[in-house]
Enquirer: 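Quick one: this structure, given as C-alpha cells, is what I'll be asking you about.
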Amino acid sequence: MAKIGFIGLGIMGSHMAANLIRAGHEITGYDVVPASVEKLLQAGGKPAPNITEAVSGAEVVITMLPDSPQVAEVVLGPSGVLEATTSGVLLIDMSSIAPETSLDVAAAGAQRGVRVLDAPVSGGEQGAIKASLSIMVGGATEDFAAAKPIFEDLGRTIVHVGGHGAGQTVKAANQLMVAGIISLVAEAIVLLEASGVDGERGLEVLAGGLAGNRILDLKSASMLARQFEPGFRIDLHHKDMGIALASARSAGVSLPVTGVVAQLVAAARAQGNGSLDHSALLKVVEQLSGR
Ligand code: NAD
C-alpha cells in the first residue's frame, strides 16, 4: 500500500481518491476548493492545506486537474509538487492535458529525479465511482509497472500506450470520438422526434444493432429527458477538442469530422452552456433545426 498525495478533488478526483482509500492506500489530498478537501476527510483521507503538505513524505503523487495551465502551476510552479517532493517519487498526472505539457512535466521531473507518467482516463464520473476507468498511460515501462497496482484500484482497462505524452494523444483520440458520437446520437434524436417516432423506442432498437455504442447505453435516457447535469462539462470537452485539433496539426493530418464537431462544442459553450454535461450538444443540434 502506498502513501499518496492527491491534488485535484473534483468530479473525478474525489471518487478516485475515495477508491484508493478503500483499497488501503494512505491519501493526503489538496484542492483549491476547501469544500472538496472536506469531502476527502469524510471519505477517510487526510486533508492538506497546500500542495507542500499534500505531497510531503508521499511515495506517489497523483494530479487530477482541469487543464495544462493548472498542471503546470501545480507541478512546476513555486511551492509546487516538484519543489516539495524528493528524488524517487512517482508523479502520475491523470488530468487530460496537451501532450506537450506532459513532455515538459516529464523533463522537469527527470531533472529532480522524479519519475513521471501521463495517465489520462476515460469512463466518466460513473467509471470513477465504480473504479472501472480506462487508463491510457505514457512514460517509461518500469514506471508503468510500478504504478500498475494503483491503476488497478481505479480502473479495468489499463494500457501502456507509449512514451511521455502518448497517453494524452490517445485521450485526445478518445475525446474526438466521444464528442462525435454524442453529436450523432443527438442528430438521431432530432430526426426521430421531428418524424413523430418515439425517441425511446427508436434508440432502444438502435442500441442493439451496429449503431450500438456506450453513449447510447449511458446517456440516451438523460438526453431524451433533456437532463444535462454534469458529468463531463462542455467547457472541459471544448478544451479537449482544442487538444485534438492541435495534435492533428502537429502530426500533419486532417481530421474533418473532428473540426465540425469541435465547432458544435464551441457553439454549446458560446451559448452559455459550458457548465452543462457534454450531452447538451443536443441543444445545439436542435437549434440548427429551429427546435
Ligand atoms: P473538475 O473541475 O470537477 O475537477 C478539477 C479539480 O481541480 C477541481 O476540484 C478544482 O478545484 C481543482 N483545481 C483546479 N486548480 C487547482 C489548483 N491550482 N490546485 C489544486 N486544485 C485545483 O474536473 P473533473 O471533471 O474532475 O476533470 C478532471 C480532469 O479529468 C480534466 O482534465 C478532465 O478533462 C478529465 N476527465 C474528466 C471526466 C469526467 O467525466 N468528468 C472524464 C475523464 C477525464
Side-chain angles (χ1 to χ4, degrees), residues 5-19 28-40 43 45 47-55 61-81 83-84 92-99 101-102 105 118-137 154-155 157 167-168 170-179 182 214-215 218-219 222 228-244 265 269 274-280:
F6 202 115
I7 300 168
L9 300 162
I11 290 179
M12 298 294 282
S14 57
H15 300 300
M16 292 161 69
N19 283 332
T28 307
Y30 171 70
D31 193 290
V32 276
V33 176
S36 303
V37 187
E38 282 303 309
K39 264 181 30 194
L40 179 72
N50 53 47
I51 297 169
T52 307
E53 292 196 29
V55 306
V61 174
I62 297 178
T63 46
M64 192 53 171
L65 296 159
D67 196 357
S68 295
Q70 291 81 28
V71 172
E73 182 197 327
V74 164
V75 176
L76 310 174
S79 307
V81 172
E83 269 191 15
I92 308 171
D93 177 36
M94 305 193 78
S95 329
S96 307
I97 63 169
T101 308
S102 295
V105 167
D118 49 292
V121 306
S122 177
E125 187 181 13
Q126 284 306 313
I129 292 170
K130 294 180 185 154
S132 62
L133 294 167
S134 272
I135 309 178
M136 39 220 99
V137 189
L154 297 171
T157 307
Q168 298 298 351
V170 175
K171 176 67 185 177
N174 183 82
Q175 291 306 85
L176 70 86
M177 288 177 69
V178 170
I182 291 175
R214 298 271 295 152
I215 303 292
L218 296 175
K219 300 259 179 209
S222 57
F228 300 123
E229 269 163 48
F232 186 66
R233 288 182 287 120
I234 289 277
D235 279 341
L236 288 175
H237 217 138
H238 179 69
K239 171 250 321 177
D240 291 337
M241 297 310 281
I243 293 170
V265 178
R269 190 164 183 263
S275 60
L276 296 185
D277 188 70
H278 50 173
S279 53

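When a ligand or atom number is given, it counts from 1 through the structure's own listing order. Every heavy atom of this structure was used, including side-chain atoms; hydrogens, water molecules and symmetry mates were not.
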Enquirer: Taking atom CG of Asp93 and atom OG1 of Thr63, what is their separation to the nearest 0.5 Å?
Expert: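 Rounded to the nearest 0.5 Å, the CG-OG1 separation comes out at 3.5 Å.
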
Enquirer: Going by heavy-atom distance to atom 6 (C) of ligand 1, choose the closest among Thr63, Leu65, Asp31.
Expert: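 Going through Thr63, Leu65, Asp31 one by one, Asp31 has the nearest heavy atom to atom 6 (C) of ligand 1.
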
Enquirer: Suppose we measure from atom 15 (N) of ligand 1 to each protein heavy atom; which comes out shortest, and what is that distance?
Expert: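 It is Gln70 CG, 3.6 Å.
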
Enquirer: Counting only heavy atoms closer than 4.0 Å, does ligand 1 sit against the backbone of Glu125, its side chain, both, or neither?
Expert: backbone

Enquirer: Out of Val121, Leu133, Val178, Asp93, whose heavy atom sits nearest atom 44 (C) of ligand 1?
Expert: Val121

Enquirer: To which protein heavy atom is atom 23 (O) of ligand 1 closest, and what is the distance rounded to 0.1 Å?
Expert: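 Scanning the protein heavy atoms, the shortest distance from atom 23 (O) of ligand 1 goes to Leu236 CD1, 3.8 Å.
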
Enquirer: For Gly8, take its heavy atoms, then give the atoms of ligand 1 lying under 4.0 Å from any of them.
Expert: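 Listed by number with element: 7 (O).
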
Enquirer: With heavy-atom distances below 4.0 Å as the criterion, list the atoms of ligand 1 near Val33.
Expert: 11 (O)

Enquirer: In Å and rounded to the nearest 0.5 Å, what is the CD1 to NZ distance from Ile135 to Lys171?
Expert: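 Here the interatomic distance stands at 11.0 Å.
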
Enquirer: Are Asp277 and Lys219 ion-paired here, with the side-chain N under 4.0 Å from a carboxylate O?
Expert: yes

Enquirer: Please could you name the atoms of ligand 1 that Glu73 approaches to less than 4.0 Å, counting only its heavy atoms?
Expert: 18 (N)

Enquirer: Considering only protein heavy atoms, which is closest to atom 4 (O) of ligand 1, and at what distance to one decimal place?
Expert: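 Of every protein heavy atom, Gly10 CA, 3.3 Å lies nearest to atom 4 (O) of ligand 1.
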
Enquirer: Return the minimal non-hydrogen interatomic distance between Pro230 and Ser275, and the atom names on each side.
Expert: CG-O, 3.4 Å

Enquirer: To the nearest 0.5 Å, what is the distance between CG on Leu236 and OG on Ser95?
Expert: 10.5 Å

Enquirer: side-chain contact (heavy atoms from CB on, under 4.5 Å) for Val55 and Ile7? Distances and angles first, verdict last.
Expert: CA-CA 9 Å; Val55 306; Ile7 300 168; 3.8 Å; yes

Enquirer: Rounded to the nearest 0.5 Å, what separates atom CG in Leu9 from atom CG in Leu40?
Expert: 5.5 Å

Enquirer: Quick one: does His237 get a heavy atom under 4.0 Å from ligand 1?
Expert: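 In this structure, His237 fails to qualify as a contact of ligand 1 - no heavy atom is under 4.0 Å.
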
Enquirer: How far does CD1 of Ile182 sit from CD1 of Ile215, to the nearest 0.5 angstrom?
Expert: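 One finds 4.5 Å between CD1 of Ile182 and CD1 of Ile215.
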
Enquirer: Below 4.0 Å, non-hydrogen atoms only: which portion of Lys171 touches ligand 1? Side chain, backbone, both or neither.
Expert: side chain

Enquirer: Is Lys239 in polar range of ligand 1, meaning some N or O pair under 3.5 Å apart?
Expert: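 Right, the criterion is met.
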
Enquirer: What's the shortest distance from atom 39 (C) of ligand 1 to any protein heavy atom, and which residue and atom give it?
Expert: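 I find the closest protein heavy atom is Phe232 CD1, 3.2 Å.
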
Enquirer: Looking only at protein heavy atoms, identify the closest one to atom 30 (O) of ligand 1 and say how far it is in Å.
Expert: Met64 CE, 3.0 Å

Enquirer: Check the angle between the aromatic planes of His278 and His237 and answer parallel, tilted or perpendicular using the 30° and 60° thresholds.
Expert: tilted

Enquirer: Strictly below 4.0 Å, N to O, side chains only: are Asp235 and Arg269 in salt-bridge contact?
Expert: yes

Enquirer: Just verifying a value: how many Å separate Thr28 OG1 and Glu53 CD, rounded to the nearest 0.5 Å?
Expert: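 Answer for the OG1-CD pair, Thr28 versus Glu53, is 9.5 Å.
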
Enquirer: Which heavy atom of the protein is the closest neighbour of atom 26 (O) of ligand 1, given with residue, atom name and distance?
Expert: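 Going by distance alone, atom 26 (O) of ligand 1 is nearest to Met12 N, 2.8 Å.
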
Enquirer: Which residue and non-hydrogen atom of the protein lie closest to atom 2 (O) of ligand 1, and at what distance in Å?
Expert: Arg233 NH2, 2.9 Å

Enquirer: Please write down residue, atom name and distance for the protein heavy atom closest to atom 18 (N) of ligand 1.
Expert: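 I find the closest protein heavy atom is Val74 CG2, 3.5 Å.
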
